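We name chains A, B, ... by the order of the sequence lines, and we start the count at 1 in each one. Since this is a predicted model, take the numbers as computed values, not measurements.
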2 protein chains.
Amino acid sequence: MAATGGTGRPEKRKAITQAATTVFGREGYVRASMDAIAAEAGVSKRTVYNHFADKETLFLSVALQNSAELTETIRALMAKHLDRVVDLRRDLAGFAVDRARAVLSAGEHGALGRAIRAEVANIPADVLEAWLEAGPVASLRDLAAHFEVLAGRGLLTVEDPALAAEQYTLLTFHGVAERSFWGAVPVADEEVERIAAVGVDAFLQIYGTPAVRD
Amino acid sequence: MAATGGTGRPEKRKAITQAATTVFGREGYVRASMDAIAAEAGVSKRTVYNHFADKETLFLSVALQNSAELTETIRALMAKHLDRVVDLRRDLAGFAVDRARAVLSAGEHGALGRAIRAEVANIPADVLEAWLEAGPVASLRDLAAHFEVLAGRGLLTVEDPALAAEQYTLLTFHGVAERSFWGAVPVADEEVERIAAVGVDAFLQIYGTPAVRD
DNA sequence: CAGGATAAACTACACCGGGTAGTTTCTGAG
DNA sequence: CTCAGAAACTACCCGGTGTAGTTTATCCTG
């Protein structure tokens, strides 16, 4: 019967979610088996079902958790690069590179995002919305807030910070994301840096103040 | 044993590839069953295996075919909007809207692309490369050629046509593609038009000649 | 040109080995 | 006495094959 809630020993639960993240990220939802997840967690299948009602519940749970964690990671990268900007072009490019690496690294950080994108047609609308809200939408909002500050300091000319954040993301990130199929295919580091650089160039042609646009 | 080649009655073969495109697009590779494909084609399962060695061969075959067809569709849209440009902003936006609709329509045109993106980790590298070459890469090249012509006419200031084509695609298309998860989630028509409009605005701020940039 | 033989292709259906989600039962440990 | 481990069990579904009989196209013969 097992509630979806916090039944059972917390450390087992942690091991299960960790294992599920790994296996779902590696195999995708359909291919991943509950046996494999239990084995990866070093736990019996009985224990898995003691913590999570069924496969779908487990998947959606780790998906949401992963989304929030990744958003937190990106938020930290933003703080690192955009809180104390001295060289705008350099800092924007630095954030772009770090974010691309964080999301598209072979590790399971972004791998689960691939699984969600693959399974999106079979995810309930409200859960999908929650995932978006905890992940991409939140990051976009964070970035927009940073751009607003930078505009206030006269470093950017931004009328619609949300739009600027989206276009920055498109120009510096989505090209790599698409090329690497969201991390499934490796992309060389220098390629990531090159794309970040030309993306920031383009971004600054749109939003840079004259002092920085050249 | 059935070769992958041209064995069997051509019309049956056509029915099978058509059905496979539909079912793979709707269900994804793993969920789609050969029984379902045979049923959809109105053909016995044995006939399917008479034409295609196995499930993977069938999938990769229709994937490649679909990629080429979609490229041809987009090529036609480019010709329609960009061969005789009179109002650059309007024509660039018109192409963006039409392409987004063509690729992201609920119909199976782009649905198979979702299946490939979902399965990309399990696709042989050479087949993936062929798919890219017949699809996205080809479209990018076509678009770059058009931009070069427009630059020659003094309508755009373009040093690297390939880069301009990629950035145009990012700014006017990838935002919608991501938002709709490549067609899995519907996007309102006016939203597509809005994104195309602001995307073209940004693009022209980067590449427009002074006469058209305002 | 008619028509029947021939070979290739297709259908229907049963079948196999294997794998899956989820449940249950029994056992042992804290 | 409660919870978790181990493993077997149920009730499927899937990819792929084998077979026996039927359709379809082709072509040769009269």
Can you measure R46(B) atom CZ to dT22(D) atom C1' for me and round it to whole angstrom units?
16 Å
Looking only at the aromatic ring of each residue, does the gap between the centers of F173(B) and F95(B) stay below 6.0 angstrom?
no
Would you call K14(B)-E11(B) a salt bridge at under 4.0 Å N-O?
no
Would you kindly check if the NZ (Lys) or CZ (Arg) of R13(B) is within the cone defined by 45 degrees around the ring axis of F52(B) and under 6.0 Å from the six-membered ring centre?
yes
For G42(B), which contact category applies under a 4.0 Å heavy-atom criterion: base, sugar-phosphate, or nothing?
sugar-phosphate
Does the cation-pi check pass for K55(B) over Y49(B), that is, NZ or CZ under 6.0 Å from the six-membered ring centre and within 45° of its axis?
no
Show the distances under 3.5 angstrom between N or O atoms of the protein and N or O atoms of nucleotides 18-22 of chain C.
from    : atom 1 : to     : atom 2 : distance (Å)
dA21(C) : OP1    : A32(A) : O      : 3.3
dA21(C) : OP1    : K55(A) : NZ     : 2.9
dA21(C) : OP2    : M34(A) : N      : 3.0
dG22(C) : OP2    : Y49(A) : OH     : 2.9
dG22(C) : OP2    : K55(A) : N      : 3.0
dG22(C) : N7     : K45(A) : NZ     : 2.8
dG22(C) : O6     : K45(A) : NZ     : 2.9

Polar side chain donor-acceptor pair, T57(A) to D54(A), under 3.5 angstrom
yes
Dump the intermediate steps for salt bridge (charged side-chain N to carboxylate O under 4.0 Å, His left out) on R114(A) and E119(A), then the final yes or no.
CA-CA 9 Å; R114(A) 273 207 315 281; E119(A) 209 60 24; over 6 Å; no
Consider only side-chain N and O atoms of T73(B) and R99(B), and report whether a donor and an acceptor are under 3.5 Å apart.
no
Output field: ring centroids Y207(A)/F147(A) closer than 6.0 Å
no
Considering only nitrogen or oxygen atoms on both sides, find all protein atoms under 3.5 Å from nucleotides 8-10 of chain C and state each distance.
from    : atom 1 : to     : atom 2 : distance (Å)
dA9(C)  : O3'    : R9(B)  : N      : 3.3
dC10(C) : OP1    : R9(B)  : N      : 3.0
dC10(C) : OP1    : H51(B) : NE2    : 3.1
dC10(C) : OP2    : N50(B) : ND2    : 3.1
dC10(C) : OP2    : H51(B) : NE2    : 3.4

